[in-house]
Amino acid sequence: MIRIGVLAMQGAFEEHIKALQALGVETAEVRLEKDLENIDGIIIPGGESTTIGKMLDSYNLTDRLISMGKEGFPMFGTCAGMIMLSREIEDGLPGQTSLGLLKVVSCRNAYGRQINSFETDLAIRDLGEKPFRAVFIRAPIISEVKNNVTILAKFQDKIVAVKEDNILALAFHPELTDDYRFHEYFIEMVKGWRKENGKNNLN
Ligand code: GLN
């Protein structure tokens, strides 16, 4: 059985857990280092990246997550979670913690104050024909990508969804509608990683 952890420090973690459970996957709330044992992948939810970063540091999770990510452990960041995974943050606080695993520059609050939140339909080839309803809440964008980063979606020429090896990152909140195709996509990444690491679906 696959078990996916959801970082449960702050932000929209409960909705991710609900999505994973709807897809028949076991879940674990991650707060302490020991919660990182016995999981096959992790979701870093939206919320406030500066707060999540401080909490990761104070719970001593930052270095552990960085080394897991470098070893190929599947990670899925949404909104603030995408910022957390990025190598560089534009408009971050000085010294803001990031895991630096995804070779992109994320720009915080890219849609500014006036349009703090909006929803839109995105065409995402990897998810099939049906457009994906994306909920953007004080959302970041990706302003720069390096080699090896696959762009999964753009909204008005701005990059809003990417994948690089074991890392999936979205500028929006896929857990706030009942279209769980991105969670399914991540579960497939997790299955691939388990296979590579010699785990079958029975253990
Ligand atoms: N603006 C937030 C940040 O900088 C992200 C917002 C969100 O996750 N919905 O962390």
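The chain is numbered in sequence order, starting from 1. Just follow the structure's listing: the first ligand is 1, and inside any ligand the first atom is 1.
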Pairs involving residues 159-168, ordered by first then second residue, that meet salt bridge (Lys or Arg N to Asp or Glu O under 4.0 Å) (sequence neighbours left out):
Lys103-Glu164
Using the ring centroid of each side chain, check whether Phe172 and Phe155 are separated by less than 6.0 Å.
no
Over 60° means perpendicular and under 30° means parallel, so tell me whether Trp193 and Phe73 are parallel, tilted or perpendicular.
perpendicular
Counting only heavy atoms and a distance below 4.0 Å, can you name the residues contacting ligand 1?
Gly46, Gly47, Glu48, Ser49, Cys79, Ala80, Ile83, Arg108, Asn109, Ile137, Arg138, His173
Check Glu188 with Lys191, please: is the shortest side-chain N to carboxylate O separation under 4.0 Å?
yes
Got a sec, which hydrophobics cluster with Leu176, joining ILVMFWY side chains under 4.5 Å apart, including via others?
Val135, Ile137
N/O donor-acceptor pairs under 3.5 Å from side chains in residues 10-20, not counting sequence neighbours:
from  : atom 1 : to     : atom 2 : distance (Å)
Gln10 : OE1    : Glu48  : N      : 3.1
His16 : ND1    : His183 : NE2    : 2.9
His16 : NE2    : Thr78  : OG1    : 3.1

